[in-house]
Amino acid sequence: MQNEKGTIVDLYIPRKCSWTNRLLISKDHGSVQINVANVDPETGLATGETTAFALCGYLRFRSEGDMALTELVKKNDAAMSEE
């Protein structure tokens, strides 16, 4: 919901899992959000910016969280190198 100024005023805005696109509801206590640092390809140093990846508890329960995070980071690296 938005007010007259156009700012979002909802008390809770659910996130989505970056891998499965499931909603991360407030009762999903197994979900995590991991911020991965962006790295400059020329120097190999962190730029100070991060990319956030959210993983749902269902994915972590099935022991597929590490595979999903690895693939998401690979996709992000490929997209960053094209820019």
Side-chain angles (χ1 to χ4, degrees):
M1 182 171 56
Q2 294 181 350
N3 61 7
E4 295 84 25
K5 296 179 184 177
T7 58
I8 298 175
V9 292
D10 289 333
L11 295 176
Y12 177 73
I13 300 172
R15 297 173 292 161
K16 288 181 100 175
C17 178
S18 300
W19 186 251
T20 62
N21 287 330
R22 287 178 176 229
L23 281 179
L24 301 178
I25 60 174
S26 60
K27 296 292 182 181
D28 187 2
H29 297 293
S31 63
V32 294
Q33 178 174 334
I34 300 173
N35 294 327
V36 178
N38 295 338
V39 177
D40 185 16
E42 295 176 4
T43 62
L45 299 174
T47 61
E49 299 175 354
T50 60
T51 303
F53 297 107
L55 300 176
C56 62
Y58 170 77
L59 190 67
R60 296 181 65 218
F61 176 74
R62 293 179 45 101
S63 301
E64 296 177 358
D66 57 343
M67 182 268 311
L69 183 62
T70 303
E71 293 298 320
L72 287 168
V73 170
K74 284 181 185 177
K75 285 182 186 178
N76 186 42
D77 285 346
M80 294 293 282
S81 64
E82 289 178 1
E83 292 179 356

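Hydrophobic cluster membership of L45, counting Ile, Leu, Val, Met, Phe, Trp and Tyr whose side-chain heavy atoms lie under 4.5 Å apart directly or via other members: none, as it forms a cluster of its own. Through chains of ILVMFWY side-chain contacts below 4.5 Å, W19 is grouped with V32, I34, V36, F53, L55, L59, M67, L69, L72, V73.
D40 and T47 make their closest contact through N-CG2, 3.7 Å (heavy atoms, listed as atom of the first residue, atom of the second, distance). The two atoms that bring L24 and D28 nearest to each other are CD2-OD2, 3.9 Å, heavy atoms only. T20 and C56 make their closest contact through OG1-SG, 3.7 Å (heavy atoms, listed as atom of the first residue, atom of the second, distance).
The salt bridge (charged side-chain N to carboxylate O under 4.0 Å, His left out) pairs that include a residue from residues 11-24 number zero, where partners must be two or more places apart or lie in different chains.
Between the side chain of S31 and the backbone N or O of G57, no donor-acceptor pair lies under 3.5 Å.
Rounding to the nearest 0.5 angstrom, the gap separating the CG atom in N38 from the OG1 atom in T50 is 7.0 Å. Taking CG of D66 as the start and CD of E71 as the end, the distance is 10.5 Å to the nearest 0.5 Å.
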